[in-house]
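Written below as structure tokens is the structure these notes are about.
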Amino acid sequence: MSESKAGAATFEVDGTSLTFDRIPAVEGNDAVDISALLKSTGLVTLDTGFVNTASTQSSITYIDGDEGILRYRGYPIEQLAEASTFLEVAYLLIYGELPDAQRLTDFTAAIDRHRELDEGVKQLLATAPAGAHPMAVLQAAISALAAFHLDTLDPRDAEQRGQASIILLAKVPAIVAAVARHAAGEPVLDPDPSSDYVVDFLRMTFGQDDVDPDVVKAMDMLLILHADHEQNCSTSTVRMVGSAHASIYASVSAGVGALSGPLHGGANEAVLEMLADIQSSGGDASDFMTKVKNKEDGVRLMGFGHRVYKNYDPRAAIVKKAAHDVLDKLGKQDEMLDIAMGLEEIALQDEYFISRKLYPNVDFYTGLIYKAMGFPTTMFTPLFSLGRLPGWIAQFAEMITDPATKIGRPRQVYTGATERDYVAVAER
Ligand code: CMC
């Protein structure tokens, strides 16, 4: 394909030249609108893993992967992580602008009114067998919210969708905390809607009334860092499910399923397991790195690499600094932080990682902070889910209100058998 002039691109198929519109981006990559290709040529495009395909136009989050830039609604992640709060960022992502004081108060109050969990949801959470992964239970509980809020299921009705969004933001902290308590064999604690959102989440999780302000600040900041990341795997899943006009609960619960994978949100858990393995085998990272570079048994340096970032993930830079600060403040020095820094140091000087532009991503250092706060490893990805919730909600709303949205339905390049006749089992 060659670009013929600004505003268009030409593509030659079987001697015929076709022109496609160029869709300008405000920043970042422009697109070529190839939606008419099939009709005019009979060809589909093949782009496994969507490495080159924009699934939508979006005005929520901007990433420049080469420069290591991340902005929510134009605001640099560094400024939001430093100065904002999770609920303010949630408002920003969902409504597009930072709230004034009154709007933030009203938004917070609307959430507070729904923080209690439905009895049925509590019962459902209690039925999870011991050893169940918290992500499986979280996904089920979010999906089940649809059964308890029947008047909020139509995603095309702005009021119902808005109400469902508030319900999700309000109840997911209590669900995540209940999942943690249940997994630990501890009694589940009810929310206290008069208490701050993040403080109460930590109280419900750890069962202690006096929550350390440094832990609250770090938790709030980590939630902000995870709040959106444009068209990643789980967000694309949320949009895809929602494009069929499924409820936002069904869509977000599918997003939780996608996030549980170790190549996505599950990487934060996998990083800690990897660090623990290295620690238990003596702490020498070089053997492990040799395995990674030889691609032995498909082993990867978890928490490294990213589809979009070909530079240091700006979130990882913030988390790395926070890991030092939080561990210092809590007086919880951890040999695993030294192992992680050792791995990073090797990787940043090694040709394998340099040539592939593999840098630490957000998941590389987060687990060390969660561990220092007292979260068990299996709770790391549920924490990511709680953080990503505003992004999923904002992206769902953008998708469902975009007149250009169609049901997500990719094509394929068929490689199977051509027509053949059925043979009865006795004759095979
Ligand atoms: N360790 C070792 N090699 C790697 C890694 C890694 N972590 N990541 C990529 N590579 C290699 C890969 O083997 C390939 O090598 P080659 O060119 O020789 O075939 C090359 O780098 C390109 O990798 P890719 O798999 O084609 O890249 P991708 O864009 O499809 O995958 C990724 C991105 C994040 C899935 C991948 O980097 C990875 O598996 N990382 C480890 C898991 C992880 O940390 N995931 C969290 C991502 S960030 C937060 C989130 O989304 O939740």
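Ligands are counted one by one from 1 in listed order, and the atoms in each one are counted from 1 as well.
- The protein atom (non-hydrogen) at minimum distance from atom 28 (P) of ligand 1 is Arg307 NE, 3.7 Å.
- Considering backbone and side-chain N/O of Arg356, one or more are found under 3.5 Å from N/O of ligand 1.
- For atom 7 (N) of ligand 1, the closest non-hydrogen atom on the protein side is Leu301 O, 2.8 Å.
- Counting heavy atoms under 4.0 Å from ligand 1, residue His229 does not touch it at all.
- Nearest to atom 16 (P) of ligand 1 among the protein's heavy atoms is Lys295 NZ, 3.1 Å.
- Scanning all protein heavy atoms for the shortest distance to atom 45 (N) of ligand 1 gives Leu263 O, 2.9 Å.
- Using a 4.0 Å cut-off between heavy atoms, Tyr352 contacts ligand 1 through its side chain alone, with no backbone atom that close.
- Cation-pi geometry between Arg356 and Tyr352 is met: the NZ or CZ atom falls under 6.0 Å from the ring centre, inside 45° of the normal.
- A salt bridge does not link Asp214 with Lys217: none of the charged nitrogens is closer than 4.0 Å to a carboxylate oxygen.
- Between the side chains of Ser234 and His264, at least one donor N or O lies within less than 3.5 Å of an accepting N or O.
- Salt bridge Lys321/Asp325: present, at least one basic N to carboxylate O contact under 4.0 Å.
- Per-atom contact check: atom 34 (C) of ligand 1 touches the protein, criterion being a heavy-atom distance below 4.0 Å.
- By the 4.5 Å heavy-atom criterion applied to side chains, Leu222 and Phe384 are not counted as neighbours.
- Between the side chain of Asn311 and the backbone N or O of Asp66, at least one donor-acceptor pair lies under 3.5 Å.
- Nearest protein heavy-atom neighbour of atom 51 (O) of ligand 1: His264 ND1, 2.8 Å.
- The closest approach between any non-hydrogen atom of Phe364 and ligand 1 is not below 4.0 Å.
- Look at Gly49 and you'll find every heavy atom at least 4.0 Å from all atoms of ligand 1.
- The aromatic rings of Phe86 and Tyr197 lie tilted to each other, with the angle between the two planes from 30° to 60°.
- Remark: side-chain polar atoms of Asn268 are paired, donor with acceptor, to backbone N or O of Phe380 under 3.5 angstrom.
- Looking at Lys293 and Asp350, a side-chain N of the basic residue comes within less than 4.0 Å of a carboxylate O on the acidic one, giving a salt bridge.
- Every atom of ligand 1 is numbered from 1 in the order shown, and the set under 4.0 Å from a heavy atom of Phe384 is 52 (O).
- Of the N or O atoms in Met302, none lie within a sub-3.5 Å distance of an N or O in ligand 1.
- Close approach of ligand 1 to Ala267 is summarised as follows: ligand atoms under 4.0 Å from at least one heavy atom of the residue are 43 (C), 44 (O), 45 (N), 46 (C).
- Not a single N or O atom of Phe353, backbone or side chain, sits closer than 3.5 Å to an N or O atom of ligand 1.
- Between His226, Arg300, His306, Met274, it is Arg300 that holds the heavy atom closest to atom 13 (O) of ligand 1.
- Close approach of ligand 1 to Gly303 is summarised as follows: ligand atoms under 4.0 Å from at least one heavy atom of the residue are 43 (C), 44 (O).
- Between Arg115 and Asp200 there is a salt bridge, with a side-chain nitrogen of the basic residue lying less than 4.0 Å from a carboxylate oxygen of the acidic one.
- The protein heavy atom nearest to atom 10 (N) of ligand 1 is Leu358 CD1, 3.7 Å.
- Contacts with ligand 1 closer than 4.0 Å are made by no heavy atom of Asn232, backbone or side chain.
- A salt bridge links Glu344 with Lys320; the closest basic N to acidic carboxylate O contact falls under 4.0 Å.
- Not a single N or O atom of Val362, backbone or side chain, sits closer than 3.5 Å to an N or O atom of ligand 1.
- Counting atoms of ligand 1 from 1 in the listed order, those under 4.0 Å from a heavy atom of Gly265 are 52 (O).
- In this view, Leu92 and Tyr72, Arg73, Tyr75, Leu80, Leu98 satisfy the side chain to side chain contact (heavy atoms under 4.5 Å, CB included) rule, not counting sequence neighbours.
- Here the protein heavy atom with the shortest distance to atom 49 (C) of ligand 1 is Asp363 OD2, 3.1 Å.
- The nearest protein heavy atom to atom 19 (O) of ligand 1 is closer than 4.0 Å.
- Checked against a 3.5 angstrom limit, the closest N/O atoms of Phe304 and ligand 1 fall inside it.
- Within a 6.0 Å radius of CG in Asn29, other residues, nucleotides and ligands contribute 12 heavy atoms or fewer.
- Counting heavy-atom neighbours within 6.0 Å of Lys332 NZ, excluding the residue itself, gives a total above 12.
- With respect to the salt-bridge test (charged N to carboxylate O, under 4.0 angstrom), the residues Asp190 and Lys122 qualify.
- Atom 26 (O) of ligand 1 lies below 4.0 Å from none of the non-hydrogen atoms of the protein.
- Of the protein's non-hydrogen atoms, Asn361 ND2, 3.5 Å is the one closest to atom 47 (C) of ligand 1.
- Residue Val292 places a heavy atom under 4.0 Å from ligand 1.
- Under 3.5 Å, the side chains of Gln231 and Thr56 contain no donor-acceptor pair of N or O atoms.
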